[in-house]
There are 2 protein chains.
Amino acid sequence: MTKLHSHQHDHDAGHAHDHNHNHCIDTALATAETLCIEQGQRLTKVRRRALELIWESHRPLGAYQLLAKLAEEGFNSAPPTVYRALDFLLAAGLIHKVESMNAYLGCAHADRAHKGYFLICDECHNVMEFDYQDIHAALIAKAAKQGFELRAETIELTGLCADCKAKATDAAAVGTSA
Amino acid sequence: MTKLHSHQHDHDAGHAHDHNHNHCIDTALATAETLCIEQGQRLTKVRRRALELIWESHRPLGAYQLLAKLAEEGFNSAPPTVYRALDFLLAAGLIHKVESMNAYLGCAHADRAHKGYFLICDECHNVMEFDYQDIHAALIAKAAKQGFELRAETIELTGLCADCKAKATDAAAVGTSA
DNA sequence: GATAATTTTGTTATGGTATAACAACTCAAA
DNA sequence: TTTGAGTTGTTATACCATAACAAAATTATC
């Protein structure tokens with residue numbers, strides 16, 4: 001039950017890179033290059049830039065948000081452009097789709113097969129990806145008991161992250177003392 | 001195929017349920033009535049009929065599919081009508097939303113608090129709801145370890161159901177022998 | 001290099017999902 | 001009976017996603 005990676009960056013508006021997120025991006029891009037070459041896939045300009053832009057966002061990015069960013073940079077501005085890039089990146093395992101948000105998130109472990117399990121904060125909309133082999137195994141076993149052969153898992157947990165919970169508690173304290 | 005009370009039942013193509021689905025619907029509606037009265041909520045005509053229609057479908061029903069059915073019966077045909085009904089039913093815990101399908105499903109256990117965990121067949125699109133306290137507890141514990149307070153869980157597993165797996169095997173066997 | 005096969009991208013159009021905003025109506029309580 | 005909360009009607013719009021076919025770029029093969 002190792003916590004593999006967290007993307008809970010406190011990303012207040014206009015305060016983009018106050019941590020080593022650049023490193024995440026570089027690593028992800030390098031991994032992407034490697035994987036694509038290994039698999040004979042082409043990480044074209046638009047695909048590569050889409051992946052970077054997704055990583056540059058600290059929160060899951062909607063398809064049309066991404067499209068707007070790409071369009072600003074001179075890429076074609078029609079929806080198929082972005083959906084093709086997303087399809088490619090999803091198929092390559094380089095990003096995940098957060099179904100409950102219709103949004104896309106860089107995958108921190110594209111180099112090894114895994115399922116994307118997410119903790120999504122209702123308040124700040126930050127998303128943490130977590131990995132939980134115990135749960136994965138339990139789900140497979142549970143499905144198998146019903147003769148069901150598992151192919152994909154959508155595990156999206158929403159609630160309050162630690163930061164937002166602290167803020168809420170503070171606010172309540174101020175409220176009661178006043 | 002099972003025959004319903006007074007309405008037409010149009011989920012015919014390939015449904016896999018042999019039970020008397022009427023009973024499920026009746027139970028669900030009775031539970032809904034009770035719960036709404038207990039909580040001072042109003043199960044109006046359109047809400048009630050929406051819930052029935054969702055239950056009459058053996059598969060998750062899209063908002064616009066539901067809207068069409070309601071419109072056929074003389075209800076208003078504008079989207080807000082159906083989304084309001086869906087919002088009410090979701091809030092009351094009478095239905096679940098299957099995020100990965102953008103579709104809605106009757107909740108079989110509205111009378112007790114629970115999370116909707118789903119097994120969704122890629123082939124026949126039937127959905128089985130399952131309940132798994134072990135997983136629920138594990139997820140809560142996992143989230144808590146990161147200071148995260150869980151509010152909702154989206155657990156949607158897709159793959160091949162037992163029936164479709166059997167059919168696929170049969171088809172393969174015929175293919176190889178021919 | 002020329003050519004063909006394959007993949008990727010451009011372009012137009014459309015379909016599917018969901019909500020905002022405000023007006024009108026209903027029903028029950030004060 | 002007025003009031004007020006909740007519900008529904010109505011119009012408009014925003015957001016999410018794909019179909020279908022044309023054009024261009026890339027790769028493989030001659």
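Numbered from 1 within each chain, the chains take letters A, B, ... in sequence-line order. Hydrogens, waters and symmetry mates are skipped; everything else that's a heavy atom, side chains included, is used.
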Given atom CZ of F88(B) and atom P of dA18(C), what is their separation to the nearest angstrom? 19 Å

Starting from P on dT7(D), measure out to CZ on R84(B) and report it in whole angstrom. 11 Å

In whole Å, I'd like the distance from the OH atom of Y83(B) to the P atom of dT13(D). 19 Å

Reckon F75(A) touches a base, only the sugar-phosphate, or nothing at all at heavy-atom distances under 4.0 Å? nothing

From CG of L61(B) over to C1' of dG16(C), roughly how many Å is that when rounded to an integer? 14 Å

Return no unless some side-chain N or O of N102(A) is found under 4.0 Å from OP1 or OP2 of dC16(D). no

Looking only at side-chain N and O atoms, does N76(A) come under 4.0 Å of OP1 or OP2 in dG10(C)? yes

Is it true that E72(A) and K69(A) have a side-chain N and a carboxylate O under 4.0 angstrom from each other? no

Among dA18(C), dT7(D), dT8(C), which nucleotide sits nearest the side chain of Y104(B)? dA18(C)

Rounded off to whole Å, could you give me the CG-to-C1' distance for the L43(A) and dT26(D) pair? 15 Å

Taking for D87(A) and for V46(B) the nucleotide of DNA chain D with the nearest heavy atom, the one nearer the 5' end belongs to V46(B)

After noting the C-alpha distance and the side-chain angles of F148(B) and K142(B), does the key distance pass the side-chain contact (heavy atoms from CB on, under 4.5 Å) rule? CA-CA 9 Å; F148(B) 196 98; K142(B) 174 66 180 169; over 6 Å; no

Let me see the working for L70(B) and N76(B) under side-chain contact (heavy atoms from CB on, under 4.5 Å), right down to the final yes or no. CA-CA 7 Å; L70(B) 288 170; N76(B) 182 13; over 6 Å; no

Interatomic distance where CE belongs to M101(B) and P belongs to dA18(C) [whole Å]: 13 Å

Using heavy atoms to find the nearest nucleotide of DNA chain C for R42(B) and P79(B) separately, return the residue whose nucleotide is more 5′. P79(B)

Interatomic distance, R49(B) CZ vs dT7(D) P [rounded to whole Å]: 21 Å

Should E156(A) and K97(A) count as an ion pair when the cut-off is N to O under 4.0 Å? no

For a quick test of reading the model: is some side-chain N or O of K97(B) closer than 4.0 Å to OP1 or OP2 of dA18(C)? yes

Could you tell me how far apart Q39(A) (CD) and dT7(C) (P) are, to the nearest whole angstrom? 15 Å

Taking OP1 and OP2 of dT8(D), is either one under 4.0 Å from a side-chain nitrogen or oxygen of R47(B)? yes

Can you list the steps and then say if Y104(A) with L66(A) is a side-chain contact (heavy atoms from CB on, under 4.5 Å)? CA-CA 9 Å; Y104(A) 303 83; L66(A) 175 57; over 6 Å; no

ring centroid sep under 5.5 Å plus plane angle under 30, Y64(A) with dC16(D): yes

Please tell me which of T81(B) and P80(A) maps to the more 5' nucleotide of DNA chain D, matching each residue to the nucleotide holding its nearest heavy atom. T81(B)

